[in-house]
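The sequence lines fix the lettering, A, B, ..., with proteins before strands; numbering per chain opens at 1. Keep in mind that the numbers below use all heavy atoms, side chains included, and drop hydrogens, waters and symmetry copies.
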Amino acid sequence: MPELPEVETTRRGIEPHCAGKRVTQVVVRDSRMRWPVTPGLEKLIGKNRITSVARRAKYLLLGIGEGTLIVHLGMSGSLRIVDKTAAPGKHDHVDIVLEGGKVLRYNDPRRFGCLLWHQEDPINHPLLSRLGPEPLGNEFDADYMYRQSRRRKAAVKAFLMDGHIVVGVGNIYANEALHRAGVHPSRQAGRISRRRYDRLVGEVRAVLMNAIADGGTTLRDFVGSDGKPGYFRQQLAVYGRGGEPCQTCATTLKEIRLGQRSTVFCPECQT
DNA sequence: ACGAAGCCCTGCAAGC
DNA sequence: TGCTTGCAGGGCTTCG
């Protein structure tokens with residue numbers, strides 16, 4: 001579920017319930033995640049106040065007391081605000097109980113996510129220190145992408161999804177942005193002009209911003225209830241539409257695998 | 001340095 | 001109906 005827009009939507013959804021609140025209790029039911037949940041988390045953050053709820057790439061950063069809880073939702077994770085009385089269900093691995101009777105509840109069926117405690121500035125954490133710029137920030141522009149891509153032989157789609165180049169562009173939005181920009185996903189990153197990167201950068205931005213605006217709508221009531229997946233679907237021009245006609249030129253959309261991931265494009269519009 | 005592949009895990013749909 | 005297979009929105013790690 002979590003692409004960058006949904007992580008940002010989660011951040012916005014939980015922030016008002018968390019910021020300024022004191023933690024009264026932490027319950028770790030299952031610590032087996034991508035990496036084990038930091039041992040002793042209960043002691044480390046218990047009784048401290050949540051001061052901030054930030055995001056870097058697809059990591060949520062909860063400022064608590066003197067440190068930061070780094071949370072990643074992996075591929076199937078979610079973070080919800082529920083009532084203290086709500087019984088935990090399957091895959092509800094961690095509860096952060098807040099003063100006032102609400103609980104920040106972490107659920108992740110596939111356990112690809114993580115919850116890691118970090119005492120210092122999270123910027124210096126190994127997982128965060130080498131990440132590329134934010135796709136919606138100023139650093140991400142045509143010039144940057146052009147420079148980074150020279151002599152790169154990898155497919156532009158893989159390049160776009162590489163977190164060391166730019167963060168937050170997952171499989172869905174890579175497919176969408178490339179279609180909107182008219183760029184073939186298999187084209188070598190180093191063989192794309194500055195002009196075309198200009199277009200691509202604009203479309204990455206546009207598609208993410210649309211999704212964030214929409215993510216708000218999609219998951220408007222995810223707090224307290226079930227955030228239903230797949231509502232973006234109707235807006236997606238190519239993802240999940242292999243074999244269907246291109247909305248621009250009616251050519252049949254082609255589906256291939258690129259770097260183990262499903263890739264859909266229009267052989268006519270994308271060159 | 002770069003690029004491709006492997007792997008972590010559960011759930012679900014499709015095919016036999 | 002029940003089994004097996006493949007695939008899923010991520011990304012670190014390993015290998016060549």
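Taking the side chain of R111(A) as heavy atoms from C-beta on, and the options dC12(C), dG9(C), dT10(B), the nearest nucleotide is dT10(B). Ranking dA4(B), dG9(C), dA5(B) by closeness to the Q260(A) side chain, first place goes to dA5(B). With dG3(B), dG11(C), dA8(C) as the choices, the nucleotide that has an atom nearest any side-chain atom of R261(A) turns out to be dG11(C). Nearest to the side-chain atoms of M75(A) among the listed nucleotides dG3(B), dC12(C), dA8(C) stands dA8(C). The side chain of K58(A) sits closest to dG11(C) out of dG3(B), dT10(B), dG11(C). The side chain of K90(A) lies closest to dG11(B), out of dG11(B), dG11(C), dG9(C). Considering only side-chain atoms of S262(A), the nucleotide from dA8(C), dC9(B), dG10(C) that sits closest is dA8(C). Ranking dG10(C), dC12(C), dG11(B) by closeness to the Y59(A) side chain, first place goes to dC12(C). With dC12(C), dT10(B), dA4(B) as the candidates, the nucleotide lying closest to the side chain of H91(A) is dT10(B).
Base-pair partner of dC9(B): not found among the strands shown (Watson-Crick or G-U wobble, both distances under 3.5 Å).
Atom CZ of R34(A) and atom C1' of dC7(B) are 8 Å apart (whole Å). Counting to the nearest Å, the P atom of dG9(C) and the CG atom of L236(A) are 12 Å from each other. For D108(A) and dG9(C), the CG to P distance is 15 Å, given to the nearest whole Å. Rounding to whole angstrom units, CE of residue M33(A) and C1' of dC9(B) are separated by 10 Å. Atom CD1 of I256(A) and atom C1' of dC7(C) are 17 Å apart (whole Å). Between Y239(A) atom OH and dA8(C) atom C1' the separation is 7 Å, expressed in whole Å. Atom-to-atom, CH2 of W35(A) to P of dC12(C) comes out at 6 Å; the value is rounded to the nearest Å.
In this structure, the side chains of V238(A) and T263(A) stay at 4.5 Å or more apart for every pair of heavy atoms.
The aromatic ring of F112(A) does not sit over the base of dG11(C), since the test of centres under 5.5 Å and planes under 30° is not met.
In the interface, the side chain of R110(A) is paired with the base of dA8(C) through a donor and an acceptor atom under 3.5 Å apart.
The residue G163(A) sits apart from the nucleic acid: no heavy atom pair falls under 4.0 Å. Residue F159(A) is out of contact with every strand shown, counting any heavy-atom pair closer than 4.0 Å. Residue-level contact check: L73(A) touches neither bases nor backbone, having no heavy atom under 4.0 Å from any strand. Within 4.0 Å of R152(A), counting heavy atoms only, lie sugar-phosphate atoms of the nucleic acid but no base atom. Residue contacts for R130(A): at a heavy-atom cut-off of 4.0 Å it reaches no nucleic acid atom on any strand shown.
Aromatic ring pairs are classed by plane angle as parallel below 30°, tilted from 30° to 60° and perpendicular above 60°; the pair H118(A) and H125(A) is perpendicular.
Between dG9(C) and dG3(B), the two C1' atoms lie 23 Å apart (nearest whole Å).
A distance of 6.0 Å or more separates the ring centres of F265(A) and H179(A).
Under 4.0 angstrom from either OP1 or OP2 of dG9(C) there lies no side-chain N or O belonging to Y173(A).
Each of Q148(A) and G259(A) was matched to the nucleotide of DNA chain B holding its nearest heavy atom; the match closer to the 5' end belongs to Q148(A).
For the atom pair OH of Y106(A) and CE of M33(A), the computed distance is 3.5 Å after rounding to the nearest 0.5 Å. The structure places CG of L79(A) at 4.5 Å from CD1 of I14(A), a figure rounded to the nearest 0.5 Å.
Paired with I96(A) under the rule side-chain contact (heavy atoms from CB on, under 4.5 Å), one option of L41(A), V103(A), V27(A), L69(A) passes, and it is L69(A).
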